Amino acid sequence: LKRRSHQCSIRRHPPPQPTAEVAAMAITAAAKAVGVALFFALAPQQANAVVDCGGHFESSCTACPQGNGEAWCHGACEWNPTPFGGDDDTQCIPKSIVEAKNTFKIAGFIVSGLFMLIFACVYHTKVVKELPKMRDLDVAPAEKGLCDCCSDCQTCLHTSFCMPVVVGKNNDVAEALGFWPTCIIMFVLTNTPLYCLGVCFRTFYAKKVQEKLGRENGIVQLFCLNLWCMPCEVGRESMEVDEEIGAEIKCCCEVKVTPRPITAVTNARNRLCPGP
């Protein structure tokens, strides 16, 4: 009986657990309680904050700057400034959109380059190889107007859609630079952020072509014309070069060249007796 009563007392009164274990259990329980409280306290805010702005969360990238501009647009967003500048919050857009734009630009550059290369090969074979080289002139022909190319549908189409090819043809005929170097350099420079270098390149060789035509155009004038209206300037130059060598170029890659003696007589008459 004594043994049974002793066992019952043991079952009713278990020995106390060590103090360290009790403390650990208490800390764990408190941490869980704090975590639950924080979760329910922040749940409404996190429900709307789905975009990482780099140092805080917002519902969208446009809400990230909060009037602070690029400094608050990081994380999953990227600042995409407009050409006119400013700190408009709408310039903060998702990085995925920026990456898609860059991919589209690269793909467009490659595709347009392939089309330009194919057309340049056909144009070089059917047109450029059939054209005679231009001779140095002592008396310059009558100068075309900047917008005269608008009256020539064929020249206007070529300069609007295939300007590097037309510049290559002009330089090749004037023996300023070969067709392929001109065409490749012009395409790369005028279709990338290096456009200003393209203007300088074009101005330098336009000067050589004008000298071949017997003119002394100022370098500043040519630079301004190519900077503000390069297609018109290229079209005007193309019309002058084609007239001097007696060539008539039509779309697509059709060329008719008047024999040089007849062209020389016609050009001399036009210089001596300019008129309509």
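Computed from a predicted model, the values in this text were never measured in an experiment.
- The existence of a salt bridge linking Lys95 and Glu99 is excluded, since no basic side-chain nitrogen approaches an acidic carboxylate oxygen closer than 4.0 Å.
- With ring centers used as reference points, Tyr205 lies under 6.0 Å from Phe201.
- Side-chain atoms of His56 do not come within 3.5 Å of backbone N or O of Cys53 as any donor-acceptor pair.
- Annotation: His124 is in aromatic contact with Trp180 [ring centroid separation under 6.0 Å].
- Summarising the geometry of Val122 relative to Cys253, their closest heavy-atom pair is CG1-SG, 3.8 Å, with the distance given to 0.1 Å.
- For Ser151 (side chain) and Asp148 (main-chain N/O), a donor-acceptor pair under 3.5 Å exists by modelled atom type.
- Less than 2.5 Å separates the SG atom of Cys73 from that of Cys92.
- Using modelled atom types, no side-chain atom of Asp172 and backbone atom of Gly168 make a donor-acceptor pair closer than 3.5 Å.
- Of the possible donor and acceptor atoms, one in the side chain of Thr192 sits under 3.5 Å from a partner among the backbone N and O of Val188.
- Taken from CG in Asp152 to OG1 in Thr159, the straight-line distance is 9.0 Å, to the nearest 0.5 Å.
- SG atoms of Cys77 and Cys61 are separated by less than 2.5 angstrom, consistent with a disulfide link.
- The only member of Lys144, Lys207, Arg202 that meets salt bridge (Lys or Arg N to Asp or Glu O under 4.0 Å) when paired with Glu237 is Arg202.
- A salt bridge links Glu233 with Arg236: the closest approach of a Lys/Arg side-chain nitrogen to an acidic carboxylate oxygen falls below 4.0 angstrom.
- Side-chain atoms of Gln154 come within 3.5 Å of backbone N or O of Cys251 as a donor-acceptor pair.
- The aromatic rings of Phe179 and Tyr123 sit parallel, their planes meeting at an angle under 30°, below the 60° perpendicular limit.
- Using a distance-only test at 3.5 Å, with no hydrogens or angles considered, a donor-acceptor pair links the side chain of Asn68 to the main chain of Pro65.
- In this structure Gln210 satisfies the side chain to side chain donor-acceptor pair (under 3.5 Å) test together with Arg215, sequence neighbours excluded.
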